[in-house]
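Heads up, the thing below is written out as structure tokens.
Since the model is a prediction, treat every value here as computed from it, not as a measurement. Chain naming here is simple, since letters A, B, ... match the order of the sequence lines and numbering starts at 1 in each.
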2 protein chains.
Amino acid sequence: MIADQLELHVSTVSRVLHGTSGESGRAAGPATVERIRRLADELGYRPNPHATGLRTRRSNLIGVLVPRLSDIVLALIYEGIEEAAAGHGLSTFVTNTHDDPGIQRSRTEMVLARRVDGMIFGDAYADARFLAEVTARGVPFVLVSRRAGDLPSVTCDDHLGGRMVGEHLLALGHRDVAVVAGEPYASTGIDRTAGFVAAYASAGIEIPAPRVVASGFDAPGGRAAAEQLLACGPPPSAIFAVNDFAAIGVLGALRDRGLRAGTDISVAGFNDTPLAAELPVPLTTVRSPMREVGRRGVDLLTRLLRGEQAESERLRPELVVRASTAPAPPG
Amino acid sequence: MIADQLELHVSTVSRVLHGTSGESGRAAGPATVERIRRLADELGYRPNPHATGLRTRRSNLIGVLVPRLSDIVLALIYEGIEEAAAGHGLSTFVTNTHDDPGIQRSRTEMVLARRVDGMIFGDAYADARFLAEVTARGVPFVLVSRRAGDLPSVTCDDHLGGRMVGEHLLALGHRDVAVVAGEPYASTGIDRTAGFVAAYASAGIEIPAPRVVASGFDAPGGRAAAEQLLACGPPPSAIFAVNDFAAIGVLGALRDRGLRAGTDISVAGFNDTPLAAELPVPLTTVRSPMREVGRRGVDLLTRLLRGEQAESERLRPELVVRASTAPAPPG
DNA sequence: CTGAAAGCGCTTACAG
DNA sequence: CTGAAAGCGCTTACAG
């Protein structure tokens with residue numbers, strides 16, 4: 001370390017520059033402390049994290065796995081993660097796993113090989129098999145966006161969000177509705193669908209199984225699902241897509257058939273993605289606190305790292321009504 | 001290292017597990033090599049990167065700065081970066097700088113403090129002042145997406161892309177056109193605008209200054225710019241927005257005024273973002289090879305790290321014509 | 001109040 | 001073909 005050019009032992013310098021300083025100041029004499037501090041930031045001294053990591057066995061690094069950052073929902077969650085991590089002096093590795101179990105596994109190994117202190121998974125499968133293995137490895141981790149089993153997680157209260165959409169459509173008089181339900185392995189789609197179905201059940205309406213169709217989380221996925229829904233029999237009067245991209249796909253499918261969203265068939269999405277309000281027919285959706293999910297995920301992880309108890313959190317969503325949903329046609 | 005439980009010296013093990021192996025196999029006797037290899041992957045041994053980094057002064061880490069990952073263009077470039085980096089055995093730190101010079105600076109410091117081997121900037125200002133400071137620090141780096149001065153960069157050939165749009169609109173007979181030009185500090189907007197203007201100049205048409213308006217790179221930015229353009233005087237018959245998000249904003253502004261995109265006013269964007277084709281009026285745009293920009297950026301950086309000469313690259317874009325551009329009204 | 005030592009897990013010449 | 005030593009830059013008890 002260059003700072004011992006002022007003829008002090010490295011250990012003294014280390015003690016001073018270390019966190020101990022906030023304590024009762026027994027790191028060194030006040031004059032010495034002052035000299036060291038001065039020289040340190042004059043030189044822009046930064047401790048070598050490799051040395052520190054080697055010695056302390058803490059890297060202040062966390063690994064983050066997401067399905068894909070090109071999904072704005074995950075990108076915004078990551079912004080929250082990054083922000084909070086920086087606040088805790090942590091750096092993050094993010095990586096895209098494309099919801100592929102093989103990539104999830106290999107990326108986890110890669111990240112672990114880097115000796116991260118903990119991990120954040122944004123790509124949890126509801127069947128938590130792989131995550132059970134990770135638990136067995138003893139690395140602290142939390143889930144964001146999607147939950148699984150009773151692993152520590154920070155998510156939007158998706159069940160409640162789905163229920164809100166259900167109640168909204170019920171209030172508009174829609175009785176024959178359908179759900180574009182997302183991937184069957186993601187708790188987001190599962191919970192949003194369940195909440196929606198539960199709202200209808202409370203009103204004494206059972207949504208028939210063929211009215212609930214699995215789908216990709218992107219626009220082509222939503223479009224395909226909608227086409228399946230519209231292919232035979234009378235169309236539903238409203239469609240709930242469990243995310244905004246799928247909803248955009250639904251909108252496309254409707255347009256192709258000459259149906260007007262809102263007017264002919266109501267459509268609702270989920271997440272309140274920035275584009276939702278900009279669409280030609282602005283989209284009714286559920287606002288989920290994406291950045292906040294990321295931030296709290298980091299907070300939860302830091303608690304875990306300190307050995308504290310960690311409670312999962314469900315953050316409250318908010319219904320945003322726009323022109324894509326309208327009263328059901330009389331009949 | 002646990003692997004010396006087979007009664008060998010660490011140095012032997014290190015030699016075997018190290019890259020030297022591919023060489024003439026003079027790391028150890030064949031039998032020994034075999035035993036070491038076996039035990040190593042039985043135990044899932046991974047060298048501690050802190051120790052390696054401390055010893056070799058190479059971290060195999062690269063820092064990546066982007067304006068925001070929630071911009072899908074950058075997210076896709078980052079996917080390419082990540083992919084290529086993994087192929088080279090490098091891990092990446094990405095961070096959002098929101099195009100804010102203060103954040104660019106502090107994040108660069110943070111990343112440098114982590115002892116990265118090199119950096120990739122996706123948020124270069126055309127005035128390369130800050131980057132000159134980074135050069136002075138001696139860290140190898142490359143630019144992606146945006147270029148600056150003659151620093152090594154991998155970008156789309158934005159000038160050519162702009163020119164392509166210009167020629168397309170000229171061929172459709174548009175003579176009174178406008179540009180929503182993006183932020184003045186980004187080479188993307190500058191070059192695309194310049195290429196477009198050059199195409200018109202070649203046809204003997206000079207685009208008047210008020211027809212070129214700066215804008216944010218997002219939908220609200222595009223909307224605001226379009227409103228300014230439509231506020232007074234006769235509207236142009238076509239608008240070129242230097243990216244798809246801004247183009248979506250333009251579309252919104254047209255809709256608000258009861259103008260139909262394509263029919264009343266032609267609109268073109270840039271990047272061929274996944275949503276461009278899904279819009280109610282599919283968007284004419286320029287496809288830029290985003291993942292490829294990321295991949296090549298990493299390749300370029302690795303060349304720099306090996307001390308080789310590095311040539312900037314301009315990747316070829318492709319015009320994608322859709323319904324949002326149509327022949328100019330006669331007159 | 002400050003110094004000296006040990007050690008984190010590697011790699012790299014250098015011996016033998 | 002393999003071992004032994006030195007050292008990367010820190011931190012952490014432990015002396016004095």
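- Residue B:Y45 has no polar side-chain atom (N or O) positioned under 4.0 Å from OP1 or OP2 of C:dG9.
- A:T188 and A:D158 form no side-chain donor-acceptor contact under 3.5 Å, judged by distance and modelled atom types alone.
- Shown for residues 47-61 of chain B: residues whose heavy atoms fall under 4.0 angstrom of DNA chain C, namely B:P47, B:N48, B:A51, B:T52, B:R55, B:T56.
- Looking at B:Y78 and B:T92, their side chains do bring a donor and an acceptor atom within 3.5 Å of each other.
- Not a single ring pair (Phe, Tyr, Trp, His ring centres under 6.0 Å) links A:F217 to another residue, sequence neighbours left out.
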Legend entry - Dot-bracket encoding per residue of DNA chain C, Watson-Crick/G-U cut-off under 3.5 Å, | denoting interstrand: |||.||||||||.|||
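- When the ring pair (Phe, Tyr, Trp, His ring centres under 6.0 Å) test is applied to A:F121, the partners found at least two apart in sequence or on another chain are A:F141.
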Let me have the donor-acceptor pairs involving side chains of residues 64-76 of chain B, under 3.5 Å, with sequence neighbours excluded, atom names and distances please.
residue, atom, partner, partner atom, Å
B:S70, OG, A:E79, OE2, 3.2
B:D71, OD1, B:V73, N, 2.9

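- Pairing each heavy atom of A:R146 with each of A:S153, the nearest pair is O-CB, 4.4 Å.
- Judged as a ring pair (Phe, Tyr, Trp, His ring centres under 6.0 Å), and not counting sequence neighbours, A:F130 has no contacts.
- Between the side chains of B:D299 and B:H88, at least one donor N or O lies within less than 3.5 Å of an accepting N or O.
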